[in-house]
Amino acid sequence: MEIKKGIAVSPGISIGKCFVIDAEDYRIPRRLIEPSQRLTETQRVRNAFKDGIEELTRLQAEQDEIGGQKIKDIFAVHLSYLRDRTLRKKITDMVNTELVTAEFAVSSTLRDIASHFTKVKDVYISERAADIYDIEHRLVGHLVGGKRQDIAALKEEAVIVARELSPTQTASFNKEYVKGIATGAGGRTSHTAIVARSLGIPAVVALEDITETVTAGDTVIIDGNRGIVIINPDDNTIEQYLEYAVEYTELEHRLDTIREKPAETRDGVRVMLMGNIEFPDEAQGVLQKGGEGIGLYRTEFLYLNRNTEPTEQEHYEAYSRTVAVFKSRPVVLRTVDLGADKYTQSRRYIREPNPFLGLRSIRFCLQNLTMFKTQLHAIMRASVLGDLKIMFPLITNLQELMQAKMILGDVMEDLDEEGVPYNKNIKVGIMVETPSAALTASMLARDSDFFSIGTNDLTQYTLAVDRGNELVSTLYSAVDPAVLRLIRTVIQDAHKAQVDVSVCGEMASEPESVMLLLGLGVRTLSIAAPMIPEIKQIIRSVTIEECNKVARKVLGMNSERQISSFLRDAVRKILPEAF
Ligand code: PEP
Ligand code: MG
């Protein structure tokens, strides 16, 4: 039995057999071989190609049975690469001349080819890089044998263990089978953590060398409440955890009973509790937990679990399904926030030196107008079905907002010409998630119908701490005095301009932060569905006067440590079961 401590990012307990998968950009180290090993290594290359061809032929036949023509075509392209003698010769030549392992020769040759593809301006050609990476992954998989597992092969309940998971990988999980997640890398607000929380899958991240400690098939306990992972637990520990799991489920059920009650403080101040979602399927879960609408729909996830861009009709269907759940209640659609850590399957290998400071979010949309307009067109078509609102991500200045609104105006004109009805008075707001937006909130307020404070990115950019990097996770805190001052500024400026302001970053779902946010003047919170009952319970247990007092005290403190321990004590008195 081995116990590992990481960061708890999604509550709950799960016990299961582990399934180990790789990061998408796992790098093979350059290892040298003796000249006498040349023959064995080149033979390993040939075998890997042979196994790859056999595997693809089998997969193709499976697609024949289920009629998957598109997937069959992709496999056919991959097969043609594997049958290409020149490619195989290039790799075996490298083994022979540079005396490197078969894995390294395969990986570096194919990555080299892929990187040439990504540099080509033609989108069709640059997107072929994804095929080459796929082939590389397959060949290396055959070379290293059973140590790697393919997520597509997961056919029974399991706990996923990985060094790192990209949002693309997490978005592709079959939720029926994935019962827990443990990763070596990551932070509390990394997108993998966010998705796990939305789906209610217990998860622990920042477990460092976890992938080296487990072997596929080991029994693993994920304690998403305490941030603990136990590998090969003894019988006593399993029994103890089964009891914890029952207790936790009971607490959840107890909290579920407040579903019908309003999120109202003891002194009668009404708070609006909304849900954050990534997929339309999650909307029902928000409603069931008592959410009053969707405060943040991360629409870019529509792009992540597929190889091609969604069509306008697919956008429209996703939005109409979500609105259908909430009818006349608000649904805030954030326009796609791609880039940084979220790439479409086809673009994920186009590397930027500093992706979080690069071509992401609204910047990416403003440079890809066809794609942006396709999404806006679909949103506007769906706008007549309910109370849809549009929210632009990562706004850093007024020009960006004006440009985005101008494009929305163009789309509205197109719809007029097409005679398609839409809501001409749709509310358009922005995410305040950069220090520049927070500092110029009073200017942005003049052209925004609402603000939603994205504390995940705001914290990252204010403190210059990567939100997904476990090496600096202790420096990442939304209750750092610097972040809190920016949050206060945004709320005050929004109130002055009479612009609605909400918080949709993970801070809003932290029990410790709720009193503080209410005390700072926030009356709308948007959070992951499973957290709604607990946060509502806290709201119903406090008065605004108590919250104001907490906020005043906190703003007088000058250390993050002092603030977080003060906030923890304050909420512990109200909801001891949460700790
Ligand atoms: C945020 O940055 O706080 C936010 C809600 O957006 P995301 O987590 O998707 O970056
Ligand atoms: Mg963000």
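Basis for what follows: all heavy atoms, side chains included, without hydrogens, waters or symmetry-related copies. In each ligand, atom 1 is the first atom listed, and ligand 1 is the first ligand listed.
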Pair R360-E352, salt bridge (Lys or Arg N to Asp or Glu O under 4.0 Å): steps then yes or no: CA-CA 10 Å; R360 66 167 292 203; E352 290 178 81; over 6 Å; no

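- The protein atom (non-hydrogen) at minimum distance from atom 6 (O) of ligand 1 is R334 NH1, 2.9 Å.
- With no hydrogens or angles considered, no side-chain donor-acceptor pair links S190 and T192 at under 3.5 Å.
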Side-chain atoms of residues 444-451: list all donor-acceptor pairs with protein atoms under 3.5 Å, sequence neighbours left out, distances to 0.1 Å.
{"residue": "S448", "atom": "OG", "partner": "L444", "partner atom": "O", "Å": "2.7"}
{"residue": "D449", "atom": "OD2", "partner": "V428", "partner atom": "N", "Å": "2.8"}

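- Ligand 1 lies nowhere less than 4.0 angstrom from a heavy atom belonging to E506.
- Using 4.0 Å as the threshold, M431 has a heavy atom nearer than that to some atom of ligand 1.
- For K553, the NZ atom sits in a loose shell: 12 or fewer heavy atoms of surrounding residues, nucleotides or ligands are nearer than 6.0 Å.
- The shortest heavy-atom distance from E278 to ligand 1 is not under 4.0 Å.
- When only non-hydrogen protein atoms are considered, atom 7 (P) of ligand 1 lies nearest to H191 NE2, 3.4 Å.
- On a distance-only criterion, C504 and ligand 1 share no N/O pair closer than 3.5 Å.
- The nearest protein atom to atom 9 (O) of ligand 1, hydrogens excluded, is given as R298 NE, 2.7 Å; this is a heavy-atom distance.
- Contacts between I194 and ligand 1 below 4.0 angstrom, taking non-hydrogen atoms only, involve the side chain exclusively.
- Using a 4.5 Å heavy-atom threshold, the side chains of T189 and Y476 count as touching.
- No option in M431, K389, K427 other than K389 meets the side-chain contact (heavy atoms from CB on, under 4.5 Å) test with V332.
- A donor-acceptor distance shorter than 3.5 angstrom exists from the side chain of D223 to the backbone of R226, with no hydrogens or angles considered.
- Taking the side chain as every heavy atom from C-beta outward, L304 and L338 approach each other to under 4.5 Å.
- Within ligand 1, counting atoms from 1 as listed, the ones closer than 4.0 Å to a heavy atom of R467 are 2 (O), 7 (P), 8 (O), 10 (O).
- The environment of K327 atom NZ is sparse: at most 12 non-hydrogen atoms of other residues, nucleotides or ligands sit within 6.0 angstrom.
- In this structure, a donor-acceptor pair under 3.5 Å is present between the side chains of D337 and S361.
- Under a 4.0 Å criterion applied to the non-hydrogen atoms of L296, ligand 1 contributes the atoms 5 (C).
- Put simply, no part of Q460 is less than 4.0 Å from ligand 1, judged by heavy atoms.
- With ligand atoms numbered from 1 in the order given, ligand 1 contributes 3 (O), 5 (C) to contacts under 4.0 Å with heavy atoms of G505.
- Q284 and R321 form no side-chain donor-acceptor contact under 3.5 Å, judged by distance and modelled atom types alone.
- Among the atoms of T455, some N or O lies under 3.5 angstrom from an N or O of ligand 1.
- Around atom NZ of K549, no more than 12 heavy atoms belonging to other residues, nucleotides or ligands sit under 6.0 Å away.
- Backbone and side-chain nitrogen or oxygen atoms of D457 are examined, and one is located within less than 3.5 angstrom of a nitrogen or oxygen of ligand 1.
- For the Mg ion (ligand 2), protein N, O or S atoms closer than 2.8 Å were enumerated as E433 OE1, D457 OD2, with waters left out.
- Nearest heavy atom pair, residue S477 against residue L463, reads O-CD1, 3.6 Å.
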